[in-house]
Amino acid sequence: MTVQNSHWSTASALAPSGAIGAAVGGARGDSARTAPLRVDAQRNLEHVLRAAREVFGELGYGAPMEDVARRARVGVGTVYRRFPSKDVLVRRIAEEETSRLTDQARAALGQEDEPWSALSRFLRTSVASGAGRLLPPQVLRVGVAEDDVEAARADEARVPQQRTQPGGGELRLVPEDGATAAVDDAGAAALLDVVGRLVERAREAGELRADVSVSDVLLVIATAAPSLPDPAQQAAASARLLDILLEGLRSRST
């Protein structure tokens, strides 16, 4: 602010009053013209993110950027201005869904006293939100054989990227720069930690099968979120499938 005041004081001393008036008027005009652009840019970003969640949720992460642009009702150039590559958009969506699941798990953990109620609430909320169709692969890793332990550890510093070859509609793990990988790993670690607490509580209460792992619970979320063209059928199928999977998770002694 001090620099600006000094600048305008110097300008007023050297320039005619009319010139200053024109400069001020021009600045106001520029502000008036650029403000709507900023609003439009923010609106376009929201449209793109919403469209990406819908398209990737329905078609998988292999869906082209053109599909996202059509759903958002913007040009594909607008999408690429916000996200210079498809991988960047995929990481954004995967990170948001991981964060959403983490919040849902924390809410269930903090608001439900009964361990089984907390776990089942988390699963029902997560399946209903469709987050299972958008989970990054590092949180869906199931147990590996001893020979694959080193390979699994190497994967932990990687982030999702799209397959570029035809027919490759799923996520894979590829090397990425350390900063981005650290962010992704932190989000995944937070999710695994809070879901782990839900699982441990239910297991200690004797309500969850002893062999059920955190990966199993997250796989339930992914499995119970089928993508069907009719929303009502999709909701009914998800609810029915989740009931069956929950029954399979419960300890036989309960």
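Remember, it's a predicted structure, so these values are computed and weren't measured experimentally.
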Within this structure, what is the OH-CG distance for the pair Tyr61 and Asp87, rounded to the nearest 0.5 Å? 12.0 Å

Donor-acceptor pair, distance only, cut-off 3.5 Å: does the side chain of Ser129 make one with the backbone of Ser126? yes

Heavy atoms only: give me the nearest Leu134-Gly57 pair and the separation to one decimal. CD2-N, 3.6 Å

N-O pairing of Arg43 and Glu46 below 4.0 Å: no

Looking only at non-hydrogen atoms, find the nearest pair between Thr102 and Thr98 and report the distance. OG1-O, 2.8 Å

Can I get a per-line list of side-chain donor-acceptor pairs under 3.5 Å for residues 65-75, giving both atom names and the distance, sequence neighbours left out?
unit_1 : atom_1 : unit_2 : atom_2 : d
Asp67  : OD1    : Arg70  : NH2    : 2.3
Arg71  : NH1    : Glu54  : OE1    : 3.1
Arg71  : NH1    : Glu58  : OE2    : 3.3
Arg71  : NH2    : Glu58  : OE1    : 2.9

Could you grab the distance from atom CG of Leu242 to atom OG1 of Thr223, nearest 0.5 Å is fine? 10.5 Å

Considering non-hydrogen atoms only, spot the tightest contact between Ala224 and Leu241 and give its length. CA-CD2, 3.6 Å

How far apart are the closest heavy atoms of Ala105 and Val195, and which atoms are they? CB-CG2, 4.2 Å

Which residues pass the salt bridge (Lys or Arg N to Asp or Glu O under 4.0 Å) test with Arg197, not counting sequence neighbours? Asp193

Check: Glu207 side chain, Trp116 main-chain N or O, donor-acceptor pair, under 3.5 Å: yes

Side chain to side chain donor-acceptor pair (under 3.5 Å) partners for Arg53, two or more places apart: Glu96

Can you list everything that forms a side chain to side chain contact (heavy atoms under 4.5 Å, CB included) with Ala128? Sequence neighbours excluded, please. none

To the nearest 0.5 Å, how far apart are CZ in Phe56 and NZ in Lys86? 5.5 Å

Taking only residues at least two apart or on different chains, which pairs with a member in residues 239-248 satisfy side-chain hydrogen bond (donor to acceptor under 3.5 Å, both in side chains)? Arg124-Asp243

The criterion is salt bridge (Lys or Arg N to Asp or Glu O under 4.0 Å); which residues satisfy it with Arg50, sequence neighbours excluded? none

Calculate, to the nearest 0.5 Å, the distance between atoms CZ and CD1 belonging to Phe122 and Ile221 respectively. 3.5 Å

According to the salt bridge (Lys or Arg N to Asp or Glu O under 4.0 Å) rule, which pairs have a member within residues 107-118, sequence neighbours left out? Glu112-Arg121

With sequence neighbours excluded, what pairs up with Ser238 under the side chain to side chain donor-acceptor pair (under 3.5 Å) test? none

Distance, nearest 0.5 Å, that separates CG of Leu245 from CG of Leu123: 9.0 Å

To the nearest 0.5 Å, how far apart are CG in Leu101 and CG in Leu192? 10.5 Å

Can you confirm whether Asn44 sits close enough to Val79 that some side-chain heavy atom of one is under 4.5 Å from a side-chain heavy atom of the other? no

Under the criterion side-chain contact (heavy atoms from CB on, under 4.5 Å), I'd like the reasoning laid out for Thr125 against Gln104: C-alpha separation, chi angles, the key distance, then a yes or no. CA-CA 7 Å; Thr125 303; Gln104 291 170 350; 3.8 Å; yes

Test side-chain contact (heavy atoms from CB on, under 4.5 Å) on Val220 and Leu249 and set out the steps. CA-CA 9 Å; Val220 166; Leu249 293 177; 4.2 Å; yes

How would you list, by chain and number, every residue that makes a side chain to side chain contact (heavy atoms under 4.5 Å, CB included) with Gln233, sequence neighbours excluded? Leu228, Asp230

Report the C-alpha separation of Leu45 and Phe83 in whole Å, then their side-chain angles, then the decisive distance to 0.1 Å, and conclude whether the side-chain contact (heavy atoms from CB on, under 4.5 Å) test is met. CA-CA 10 Å; Leu45 174 60; Phe83 302 96; 3.7 Å; yes

Those residues at least two apart in sequence (or on a different chain) that pass salt bridge (Lys or Arg N to Asp or Glu O under 4.0 Å) with Arg201 are none

Tell me every residue that passes side chain to side chain donor-acceptor pair (under 3.5 Å) with Ser213, counting only those two or more places apart in sequence or in another chain. Asp216

For Ser99, all residues meeting side chain to side chain contact (heavy atoms under 4.5 Å, CB included), sequence neighbours excluded: Asp103

